[in-house]
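This report refers to the structure that appears directly beneath it.
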Amino acid sequence: MEKIAYVNGSFVPHSEAKVSVFDRGFLFADGIYEVAAVLEGKLIDNASHLARLKRSVGEIQLALPETLERIEEIQKELVARNNLVNGMVYLEVTRGADKGRDFPFPKADVKPTLVMFTSEKDIINAPSAKTGINVITVPDIRWERRDIKSVALLAQVLAKQAAAAAGAGEAWMIEDGKITEGGSSSSFIITQDDVIVTRQNGNEILPGCTRKAVVKLAEERQLRIEERAFTVAEALAAKEAFITSASVFVQGVVAIDGNKVGNGKVGPITDRLREIYVEFARATGV
Ligand code: PDD
């Protein structure tokens, strides 16, 4: 059966899920998105994703067309209509479709566009959870407000295409000699003395929801965390490295630009953090 998407108030088959060519998301990337994981039919860490959605739209002066409560209802209905067990719900809100292509915001009568769709992915049993992934490094060529989850993702498309072409699972973006984050994930290393290091939040990176949960869960277990920028050399001298995101949870990194991290295998602390996160996800999904 064809999958169902949500488009501006209606649940429609994917083949009928359409927006205008004048949509400002299409013309200007004038929109915000969120991706929430679904595990065993439940939305994972969704309050955190909705809080970030609210913040992102606020930063670009875009009013949500629905309340956060209603958005969560729609997400849940979409999961149910698609019989989704494991995967993701993608959500995008744009500044709507005006009559033409004018850069300034449209008049108040132009309603924002809200679309959502689901995709299937067995995040728990993904083979790369065991094997880990290789990453490549690329210059971070993005704009200066990466804290906003904007749909303007061309830099990440190019970075992740370069990674895919090199047989790597992610691209780590470099600015001023330091790693900012992955193309669609937060970056972490674990030093030789077991300190978990991840870049501090700010305009330079997206405040990852999974990052936030992992930092909190680690702190609750008395693991040592340092929020600061780190270099590729530090990452290569580290014991372990990993990434976090709604689409992978916690995922080991075993090589950077072809050079092994640690012994070239997913490390025990990474494995433990993944277990802890999955436990948290199972216990708190809605
Ligand atoms: N990406 N950094 C960037 C640039 C991201 O695009 C993402 C998520 C993250 C991790 O955030 P979170 O833990 O909240 O998923 C960090 C989503 C999954 C995507 O674009 O598909």
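Indexing begins at 1, ligand by ligand and atom by atom, following the structure's order.
Put simply, no part of Tyr90 is less than 4.0 Å from ligand 1, judged by heavy atoms. At least one heavy atom of Gly182 sits less than 4.0 Å from an atom of ligand 1. Taking 4.0 Å as the cut-off, Lys212 does not count as a neighbour of ligand 1 on heavy-atom distance. Ligand 1 is never approached by Glu34 to a heavy-atom distance shorter than 4.0 Å. Within the 4.0 Å heavy-atom shell around ligand 1 one does not find Arg146.
Short contacts between ligand 1 and Arg52, defined as distances under 4.0 Å to a heavy atom of the residue, involve ligand atoms 11 (O), 12 (P), 14 (O). Residue Gly183 has at least one heavy-atom neighbour below 4.0 Å for each of these atoms of ligand 1: 4 (C), 6 (O). Taking a cut-off of under 4.0 Å to the non-hydrogen atoms of Ser186, the atoms of ligand 1 that pass are 10 (C), 16 (C). Of all atoms in ligand 1, numbered sequentially from 1 with element shown, those under 4.0 Å from a heavy atom of His49 are 14 (O).
Between Thr210 and ligand 1, at least one N/O pair is under 3.5 Å apart. Residue Gln156 places no N or O, backbone or side chain, under 3.5 Å from any N or O of ligand 1. Of the polar atoms of Arg211, none of the N or O atoms is found under 3.5 Å from an N or O of ligand 1, judged by distance alone. An N or O contact shorter than 3.5 Å is missing between Val35 and ligand 1 by distance. Annotation: Ser247 places no N or O atom under 3.5 Å from an N or O atom of ligand 1; distance criterion only. At a 3.5 angstrom cut-off on N or O pairs, Pro207 does not count as close to ligand 1. Annotation: Ser245 places no N or O atom under 3.5 Å from an N or O atom of ligand 1; distance criterion only.
Remark: Arg81 qualifies as a cation-pi partner of Phe11 under the 6.0 Å distance and 45° angle criteria applied to the six-membered ring.
Selection from Ala213, Ser185, Gly208 by nearest heavy atom to atom 9 (C) of ligand 1 gives Ser185.
Here the CG atom belonging to Asp271 is positioned 9.0 Å from the NZ atom belonging to Lys130, to the nearest 0.5 angstrom.
Glu34 and Arg52 are joined by a salt bridge, as a carboxylate oxygen and a charged side-chain nitrogen come within less than 4.0 angstrom of each other. A salt bridge is absent between Asp98 and Arg24; no separation between the charged side-chain nitrogens and carboxylate oxygens falls under 4.0 Å. Glu170 has a carboxylate O that lies under 4.0 Å from a charged side-chain N of Lys160, or vice versa, which qualifies the two as a salt bridge.
Panel note: side chain Asp176, backbone Lys178; no donor-acceptor pair is recorded below 3.5 Å.
No side-chain donor from either of Ser184 and Gln156 sits under 3.5 Å from a side-chain acceptor of the other. Between the side chains of Glu2 and Ser15, at least one donor-acceptor pair of N or O atoms lies under 3.5 Å.
Just one of Glu204, Glu181, Glu175 meets the side-chain hydrogen bond (donor to acceptor under 3.5 Å, both in side chains) condition when paired with Arg146; it is Glu175.
Ring-plane geometry between Tyr277 and Phe249 is classed as tilted, the angle between the planes lying from 30 to 60 degrees on a 0 to 90 degree scale.
Looking from atom 6 (O) of ligand 1 to the surrounding protein, the closest heavy atom is Ser184 CA, 3.3 Å. The single protein non-hydrogen atom nearest to atom 17 (C) of ligand 1 is Lys149 NZ, 3.6 Å, given as residue, atom name and distance. Of all protein heavy atoms, the one closest to atom 2 (N) of ligand 1 is Glu181 OE1, 2.6 Å. For atom 19 (C) of ligand 1, the nearest protein heavy atom (residue, atom name, distance) is Tyr33 OH, 3.7 Å. Closest protein heavy atom to atom 15 (O) of ligand 1: Ala246 N, 2.8 Å.
Using a 4.5 Å heavy-atom threshold, the side chains of Val197 and Glu234 count as separate. Looking only at side-chain heavy atoms (C-beta outward), Trp172 and Ile243 come within less than 4.5 Å of each other.
Taking every heavy atom of both residues into account, Val250 and Leu273 meet most closely at CG2-O, 4.1 Å.
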